[in-house]
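Have a look at the structure below, then the notes.
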Protein chains: 2
Amino acid sequence: MVREATTEQRILEAARKVFTRKGMAGARMQEVADEAGINKALLHYYFRNKEQLFVGVFKGSAEKQFSCIWDSLKQCDSLFPAIETFVSGYMDRMIEEPHLPLFIANEMNRDPDGLADFIDRGKESRARFLRLVEEAHTRGEIVDIDPRELLVNIMALCVHPFIARPMLKHIHGFTDEAFRRMIFKRKKTVPEFIIRSIRS
Amino acid sequence: MVREATTEQRILEAARKVFTRKGMAGARMQEVADEAGINKALLHYYFRNKEQLFVGVFKGSAEKQFSCIWDSLKQCDSLFPAIETFVSGYMDRMIEEPHLPLFIANEMNRDPDGLADFIDRGKESRARFLRLVEEAHTRGEIVDIDPRELLVNIMALCVHPFIARPMLKHIHGFTDEAFRRMIFKRKKTVPEFIIRSIRS
DNA sequence: TGCAATATTAACCATTTGGTTAAACCGGAT
DNA sequence: ATCCGGTTTAACCAAATGGTTAATATTGCA
């Protein structure tokens, strides 16, 4: 029952694999073509050039990443469950595509202005989360903390293991499976760590 | 009174600038030569090829980074001051070279096995820190937490702003100066955030 | 001074790589 | 069957890029 993908989809999927692993600078058009099982010229038939293909990949990946993360918050209307949901959803997403955070960070660093538009997805949910923090503080549930700073801290605790994965694997001698287990453990311990810190 | 640097040092310094900004894949030998103000062939005179030059840069940068961070801990013999010292030292170091964390993460991701040796610097200090955590827990000063997980959390909170810098700058509309101010603020708030969470 | 070793350069080379072109393929409408 | 548009490919091209070479400049020293 698998609808066979269109050529354009096959290309985008192959490009996603190659670009997220090697980055824009390290990726080779020939490698994308091989991965997709097509002739290199077809890449230029569907996407004018490497830049266009890259943008197609980055846009899709970044928007999916951020919408996934933020949309999970829509049901939450109190802070602590929101934090739990956010962390859990974020980590689930990154387990699916462990290379994505580093890829996005990297390319944003290379071309901040050109790519800025693609990371705006989920702005409303983000604003809503910041409001949840303020309200929780008003109700005296949490200590006084800059909501944006709290958000940075939460994202830091979620993302960092995936950014530092090769180093963690080397220092701790993690296998892929052990790394996965650590992430699963963190789905519980990270929200606990955060909430212990801010609960008043 | 500035001792004029040797050509090899000039090359390494130029290469450091280019490599840390563009990465191994994105860096161009010609650009390094231009940055150093010398002929491209000289690069191959002092360093056999791009890979060797890259290794020279990475080794120096990574070892300086990690030794800086860990050596700052040597005087501390209780946990909370150690955390304050660690965070403060880490951030000072990264303000000097904001691109380094992403560079290291990126290249470790590209060639984990080949570069693993260069990130081992400071192993003893690291072990000592883990012991400090255990002792603090034994004395009942902190809650029960996996010391390695605590360390990951601390590093996450230090490093993440530099990894996500372009995104933070875009979302929060930070200028370079505003970003610096945020980091300086975090030198105080991050240790507070951590200690609030683990103090029992 | 002059010579030998080292340092530096301009010119060049081979390969890689993004991109183009013209021809072939293929499915559907006439 | 045949024509036609969109699709796919093999072959090709020019620029970029890492690397080499042979000649020149510089330095230290006998």
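Here is how names work: the chains are called A, B, and so on, in the same order as the sequence lines, proteins then strands, and each is numbered from 1. Keep in mind the model is a prediction, meaning the values are calculated, not measured.
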Is the [X]-[Y] ring centre distance short of 6.0 angstrom?
X        : Y        : answer
A:Phe66  : A:Tyr90  : no
A:Phe179 : A:Phe162 : yes
A:Phe54  : A:Phe19  : yes

In whole angstrom, what separates [X]'s [atom1] from [N]'s [atom2]?
X       : N      : atom1 : atom2 : result
A:His44 : D:dC13 : NE2   : P     : 17 Å
A:Lys50 : D:dA15 : NZ    : C1'   : 14 Å
B:Ile38 : D:dT26 : CD1   : C1'   : 16 Å
A:Asn39 : C:dT20 : CG    : C1'   : 12 Å
B:Arg48 : D:dT21 : CZ    : P     : 13 Å
B:Leu42 : D:dA25 : CG    : P     : 15 Å
A:Glu51 : C:dT17 : CD    : P     : 18 Å
A:Gln52 : C:dG19 : CD    : C1'   : 14 Å

Mind checking A:Ala33 for me? I need base, sugar-phosphate or nothing, with any heavy atom below 4.0 Å counting as a touch.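 Nothing, no heavy atom under 4.0 Å.
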Check every strand shown and say whether A:Asn49 touches a base, only sugar-phosphate, or nothing at a heavy-atom separation below 4.0 Å.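 Touches sugar-phosphate only.
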Under 3.5 Å, is there any donor-acceptor pair linking the side chain of B:Lys40 to the base of D:dG19?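 Result: at least one qualifying N/O pair found.
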Any donor-acceptor N or O pair under 3.5 Å, side chains B:Gln30, B:Asp34: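 Indeed, the side chains of B:Gln30 and B:Asp34 share at least one donor-acceptor pair under 3.5 Å.
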Look only at the side chain of B:Arg21 and the backbone of B:His99, and say whether a donor-acceptor pair between them is shorter than 3.5 Å.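 Not a single qualifying donor-acceptor pair exists.
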Is A:Thr7 close enough to D:dT7 that one of its side-chain N or O atoms is under 4.0 Å from OP1 or OP2 there?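 So the side-chain polar atoms of A:Thr7 never come under 4.0 Å of the phosphate oxygens OP1 or OP2 of D:dT7.
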Under-4.0 Å side-chain N/O to phosphate OP1/OP2 contact, B:Tyr46 with C:dT8: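 Checking B:Tyr46 against C:dT8: at least one side-chain N or O falls below 4.0 Å of OP1 or OP2.
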Between D:dT21, C:dT6, C:dG18, which one does the side chain of A:Met29 approach most closely?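 Among the listed nucleotides, the one closest to the side chain of A:Met29 is C:dG18.
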Choosing from D:dT17, C:dT6, D:dA10, which nucleotide comes nearest the side chain of B:Arg28?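 Nearest to the side-chain atoms of B:Arg28, counting from C-beta on, is D:dT17.
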